[in-house]
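The next block holds one structure in the form of structure tokens; read it before the comments.
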Amino acid sequence: MSDRPSPPVFRFAPSPNGYLHLGHAYSALVGAQAAENAGGRFLLRIEDIDRGRCRPEYEEAIFEDLAWLGLSWEEPVLRQSTRFDAYEAALKKLRALGVAYPCFATRKEVIGAIEESGIGLDRWPRDPDGAPLYPGLYKDLAPRELSRLMWEGVSYAWRLDIEKAKALAEEKQGGPIFFTEEGAGPRGETGRLAIEPELYGDTIIARKDVPTSYHIAVCVDDAAQGVTHISRGQDLFYMTHIHRLLQVLLDLPEPTYRHHPLIRDETGRRLSKTAKDMGIRELRSEGLSPDDIRAMVGLAEAERA
């Protein structure tokens, strides 16, 4: 039996809800290069839990664009749409721990509560993504009222009670919880960092009809696939505070993180699918080569060697 340590595992995990753009190319190339440099494995995962927006043609385009860029990955490719049982099991564990609760508040109710608070929507605290922090509606419902709303079929989401969750996780961990950042956050955060999940308040972790969210799915799948190194854009940096908290609560291993700068247009705006920024397939159709794409995202040919 060999004592040789297992190779590190890296992954690129796009959602097939649009065509890949330069930002995706950069993230995939950086992850694949890191895996090669470390003598590790490189995985491709399709994050398609949003069945309303994900399309087969976008998934096929992901494979085509990445292969055209010269990337290869292990088979079979994991698709999150096949993993709902695993996510539901994780949600049940969080509920059993007493750190998740159903929230029946609509967006209109949330905004109304904030506006009536006397603080005002413009001065209300917001999470790192700019959304107003949840004001706690329905958080402490009496069991009878909770049963009534569920019996009536009122739509709800599952929220993580951040205060309880962090306290329990620190009890399990035996002290403060940290994560290792080998890249840098938007403000230069790097090194061994203490988590601050309260930045997001009582964030949504699942919905009535979909027993998961990005938060649960990504943590459960990274653990299931043995991912040791997570390379992704700085727009996801602060979510690491939630993910590290969930890893402790769910008894999942701790990966190492490297958040990289985002690719932006000439105005400084980060590229996105929703803005229909020029995709890899359009650039391919214009006759650009994979080396041209590398140059456009700031990756020199020398880095490929």
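For the single chain, residues carry numbers from 1 onward in sequence order.
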Using distance alone, with no hydrogens and no angle criterion, decide if [X] and [Y] have a side-chain donor and acceptor under 3.5 Å apart.
{"X": "S231", "Y": "H260", "value": "no"}
{"X": "R232", "Y": "T240", "value": "yes"}
{"X": "Y87", "Y": "D221", "value": "yes"}
{"X": "E196", "Y": "Y238", "value": "no"}

Kindly say whether the aromatic ring centers of [X] and [Y] come within a distance under 6.0 Å.
{"X": "F104", "Y": "Y156", "answer": "yes"}
{"X": "H241", "Y": "F178", "answer": "no"}
{"X": "Y58", "Y": "Y19", "answer": "yes"}

Are side-chain heavy atoms of [X] and [Y] found at a separation under 4.5 Å?
{"X": "E254", "Y": "T180", "answer": "yes"}
{"X": "T256", "Y": "T228", "answer": "no"}
{"X": "Q225", "Y": "L78", "answer": "yes"}
{"X": "F84", "Y": "T212", "answer": "yes"}

Might you point out which heavy atoms bring [X] and [Y] nearest each other, and give the distance in Å?
{"X": "A165", "Y": "V99", "answer": "CA-CG1, 3.7 Å"}
{"X": "R83", "Y": "V220", "answer": "NH2-CG1, 3.6 Å"}
{"X": "F42", "Y": "G31", "answer": "CE1-C, 3.8 Å"}
{"X": "I205", "Y": "A100", "answer": "CD1-CB, 4.0 Å"}
{"X": "P102", "Y": "W158", "answer": "CD-CZ3, 3.4 Å"}
{"X": "L43", "Y": "W73", "answer": "C-CB, 4.4 Å"}

Counting only heavy atoms not in [X], do more than 12 fall under 6.0 Å of its [atom1]?
{"X": "E171", "atom1": "CD", "answer": "no"}
{"X": "R192", "atom1": "CZ", "answer": "yes"}
{"X": "E163", "atom1": "CD", "answer": "no"}

[X]/[Y] ion pair, N-O < 4.0 Å:
{"X": "K139", "Y": "D161", "result": "yes"}
{"X": "R148", "Y": "E152", "result": "yes"}
{"X": "R258", "Y": "E181", "result": "no"}
{"X": "K172", "Y": "E170", "result": "no"}

- Between Q247 (side chain) and L245 (backbone), is there a donor-acceptor pair under 3.5 Å? no

- Stepwise side-chain contact (heavy atoms from CB on, under 4.5 Å) check, K93 with D251: CA-CA 10 Å; K93 182 170 183 177; D251 301 307; 2.7 Å; yes

- Task: Mind checking the NE2-SG spacing from H243 to C219? Nearest 0.5 Å is all I need.
- Result: 5.0 Å

- Output for pair (S27 OG, L22 CG), nearest 0.5 Å, gives 12.5 Å

- Message: Consider side chain to side chain contact (heavy atoms under 4.5 Å, CB included). Of L121, L133, L199, which one does R126 pass it with?
- Response: L121

